[in-house]
Amino acid sequence: MANEGVKCTVTECQWHVECDKCNLERIEVTHEKTGADSIAVPHFCKSYQKKQ
């Protein structure tokens, strides 16, 4: 299951799939952004894992 609406360009992350999607069912975040740049940078992801 891909997180629809979540764009990810971190291709070295093991959850990254084609079309810049994340295939984690739920993304854990360290900090939700609410400032002026909140659309460009929605959160800091702590679910990142480097591909093996």
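None of the values given here were measured: they were computed from a predicted structure.
The CG atom of L24 sits 7.0 Å away from the SG atom of C13 when rounded to the nearest 0.5 Å.
Formation of a donor-acceptor pair under 3.5 Å by the S47 side chain with backbone atoms of E28 is found in this model.
Residues meeting the side chain to side chain donor-acceptor pair (under 3.5 Å) test with E12, sequence neighbours left out: none. Under the side-chain contact (heavy atoms from CB on, under 4.5 Å) criterion, Q49 pairs with Q14, W15, sequence neighbours left out.
Residues H16 and V10 are not in side-chain contact: their nearest non-hydrogen atoms beyond the backbone lie 4.5 Å or more apart.
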